[in-house]
Amino acid sequence: MKPFIKVIEIWTPTQDRKSLTLADSYYGDYAEFNQHSQNITFNYDEGLPGTAWAQSAPLVITDLDHSCFVRKEAAKYAGINCAIALPVFAGQFLLSVIVLLCGDEEQLAGAIEVWEKNPEKRNELRLLDGYYGSLEKFEWVSRRISFPKGSGLPGTVWDYRIPQIVADMSSSETFLRASNAQFEGITTAFGIPFLYDAQREYVLTLLSAKGTPIARRFEIWLPDREHHFVSLYTGHSEIPHDVFSFQEIEKGQGLVGQVWLTGCPAISHD
């Protein structure tokens, strides 16, 4: 299995909050791109992370040449042709910017979409932009559809305000584009809400195929009513005979507990 997402970066503000530095990352086999990125900083409204910070909204770039993406040449050399930035806020306070980079291998089946609240229709999501790899027909359908609140995967995530997984496309009533997705080889879908305020509401959807999964495993952890601990709400794995652990995790305990405590995204290399 070749992962659809090639690089993950987490950019955080410097102490004076004037720029962003690379706090953590996963580069896989892209050692040269890794080396090129280590000592870069981005000012407010500079580069992909800085622009997402300034706009206070997710940003999708499918044409690196004509964009704010600064590392164009290094990305081209590495075979990267799509970038997504997802700012994470606590109120108006930026915690970090997540950057996802995708490659351009042939037959790369999968998609990353960002849906936004339609300013003209309050209870509807429309496609802000997306990256679809080789899924031309599915892209055509997706760019011409919208979702009312509670409808389809984006609308359901928006309505419930928690992540959702569609583990089996063949039997899903939630995923309205299931027939188109199955035709293109999409098997799994995952949705995450990014809700900043009443006007800026977004849903990120990640669509996986067997050969090029977005990730080998997804987990959703939710807190109990008293917020004493989080436990596994649901999950999905592309790995045969993979076992999920349903233990309770306290704040600050392990990777999940650390993210819950700080509100900041994190990457574990172990």
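- With contacts defined as side-chain heavy-atom distances shorter than 4.5 Å, the pair Asn123/Pro148 does not qualify.
- At a threshold of 4.5 Å between non-hydrogen side-chain atoms, the residues Ile192 and Leu86 do not count as touching.
- Leu95 and Phe42 fall within a single hydrophobic cluster, where Ile, Leu, Val, Met, Phe, Trp and Tyr are joined by side-chain heavy atoms under 4.5 Å apart, directly or via other members.
- Within 6.0 Å of OH on Tyr77 lie no more than 12 heavy atoms contributed by other residues, nucleotides or ligands.
- Note that CD1 of Ile267 and OH of Tyr26 are 10.0 Å apart. Values are rounded to the nearest 0.5 Å.
- Looking only at side-chain heavy atoms (C-beta outward), Arg17 and Tyr44 stay at 4.5 Å or farther from each other.
- Between the CD atom of Glu46 and the CH2 atom of Trp53 there is a distance of 11.0 Å, given to the nearest 0.5 Å.
- Other residues, nucleotides and ligands contribute over 12 non-hydrogen atoms within 6.0 Å of the CD atom of Gln182.
- Judged by distance alone, with hydrogens and angles left aside, the side-chain atoms of Glu139 form no donor-acceptor pair with the main-chain N or O of Tyr132 at under 3.5 Å.
- A donor-acceptor distance shorter than 3.5 angstrom exists from the side chain of Tyr196 to the backbone of Pro87, with no hydrogens or angles considered.
- Side-chain atoms of Arg200 come within 3.5 Å of backbone N or O of Ser56 as a donor-acceptor pair.
- Nearest approach of Leu100 to Ile5, heavy atoms of both residues: CD1-CD1, 4.0 Å.
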*asked:* Could you walk me through whether Cys68 and Ile61 satisfy the side-chain contact (heavy atoms from CB on, under 4.5 Å) test, starting with their C-alpha distance in whole Å, then the side-chain angles of each, then the deciding distance to 0.1 Å, before giving a yes or no?
replied: CA-CA 9 Å; Cys68 61; Ile61 296 176; 3.8 Å; yes
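- At distances below 3.5 Å, not a single donor-acceptor pair connects side-chain atoms of Thr21 with backbone N or O atoms of Thr14.
- If you take CD on Glu184 and CG on Leu135, they are separated by 5.0 Å, rounding to the nearest 0.5 Å.
- Enclosure of atom CZ in Arg144 by more than 12 non-hydrogen atoms of other residues, nucleotides or ligands within 6.0 angstrom is indicated.
- Using a 4.5 Å heavy-atom threshold, the side chains of Val157 and Trp115 count as separate.
- Here the closest non-hydrogen pair linking Gly185 and Ala209 is O-CB, 3.4 Å.
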_Show, in sequence, the C-alpha distance, side-chain angles and deciding distance for Phe229 and Ile249, and conclude whether the side-chain contact (heavy atoms from CB on, under 4.5 Å) test is met._
CA-CA 5 Å; Phe229 56 83; Ile249 295 179; 6.0 Å; no
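- Closest heavy-atom contact between Glu238 and Ala215: CG-O, 3.9 Å.
- The aromatic rings of Phe218 and Phe190 sit tilted, their planes meeting at an angle between 30° and 60°.
- Residues Tyr27 and Glu9 bring a donor and an acceptor atom of their side chains to less than 3.5 Å of each other.
- Counting heavy-atom neighbours within 6.0 Å of Gln247 CD, excluding the residue itself, gives a total above 12.
- Under the 4.5 Å side-chain heavy-atom criterion for Ile, Leu, Val, Met, Phe, Trp and Tyr, Val88 and Leu128 are members of the same hydrophobic cluster.
- Note that the CG atom of Asp24 and the CD1 atom of Ile98 stand 11.5 Å from one another [nearest 0.5 Å].
- Atom CD of Glu226 sits in a crowded spot, with more than 12 heavy atoms from other residues, nucleotides or ligands closer than 6.0 Å.
- For the atom pair CH2 (Trp221) and OG (Ser231), the distance works out to 7.5 Å, reported to the nearest 0.5 Å.
- The minimum heavy-atom distance linking Leu153 with Gly191 is given by the pair CD2-N, 4.1 Å.
- Residues Leu195 and Trp158 are in side-chain contact: their nearest non-hydrogen atoms beyond the backbone lie under 4.5 Å apart.
- Counting only distance, with no hydrogens or angles, the side chain of Arg143 and the backbone of Gly130 share a donor-acceptor pair below 3.5 Å.
- Nearest heavy-atom pair, Leu207 versus Ile214, reported as atom, atom and distance to 0.1 Å: O-CG1, 3.4 Å.
- In this structure, Asp197 places its CG atom where more than 12 heavy-atom neighbours from other residues, nucleotides or ligands lie under 6.0 Å away.
- With contacts defined as side-chain heavy-atom distances shorter than 4.5 Å, the pair Pro58/Leu204 does not qualify.
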*Please step through side-chain contact (heavy atoms from CB on, under 4.5 Å) for the pair Ile80 and Val7, ending with a clear verdict.*
CA-CA 9 Å; Ile80 292 167; Val7 171; 4.1 Å; yes
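- Ring geometry, Trp260 versus His227: the interplanar angle falls from 30° to 60°, so the pair is classed tilted.
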_Worked check of salt bridge (Lys or Arg N to Asp or Glu O under 4.0 Å) between Glu219 and Arg217_ = CA-CA 7 Å; Glu219 298 176 347; Arg217 174 174 168 134; 2.6 Å; yes
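- Leu222 places a side-chain heavy atom less than 4.5 Å from the side chain of Ile162.
- Closest heavy-atom contact between Leu101 and Phe33: CD1-CE2, 3.4 Å.
- His228 is not listed as a side-chain neighbour of Glu250, based on a closest heavy-atom distance of 4.5 Å or more.
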*Starting from the C-alpha separation in whole Å, work towards a yes-or-no answer on side-chain contact (heavy atoms from CB on, under 4.5 Å) for Thr188 and His236.*
CA-CA 9 Å; Thr188 309; His236 172 74; 3.3 Å; yes
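- Environment of NZ in Lys72: crowded, with over 12 heavy atoms of neighbouring residues, nucleotides or ligands closer than 6.0 Å.
- Using a 3.5 Å distance cut-off with no hydrogens or angles, the side chains of Ser146 and Glu124 do pair a donor with an acceptor.
- Clustering ILVMFWY residues whenever any of their side-chain heavy atoms sit less than 4.5 angstrom apart, transitively, puts Phe194 in a cluster other than the one holding Val259.
- Lys6 contributes no side-chain N or O that, together with a main-chain N or O of Asp29, makes up a donor-acceptor pair within less than 3.5 Å.
- When the side chains of ILVMFWY residues are joined at heavy-atom separations under 4.5 Å, either directly or via intervening members, Leu232 and Ile220 end up in two distinct hydrophobic clusters.
- The OG atom of Ser151 sits 4.5 Å away from atom CG of Leu176, with the distance rounded to the nearest 0.5 Å.
- Taking hydrophobic clusters as Ile, Leu, Val, Met, Phe, Trp and Tyr residues chained together by side-chain heavy-atom distances below 4.5 Å, Ile8 shares a cluster with Val97.
- Within 6.0 Å of CD in Glu136 there are 12 or fewer heavy atoms belonging to other residues, nucleotides or ligands.
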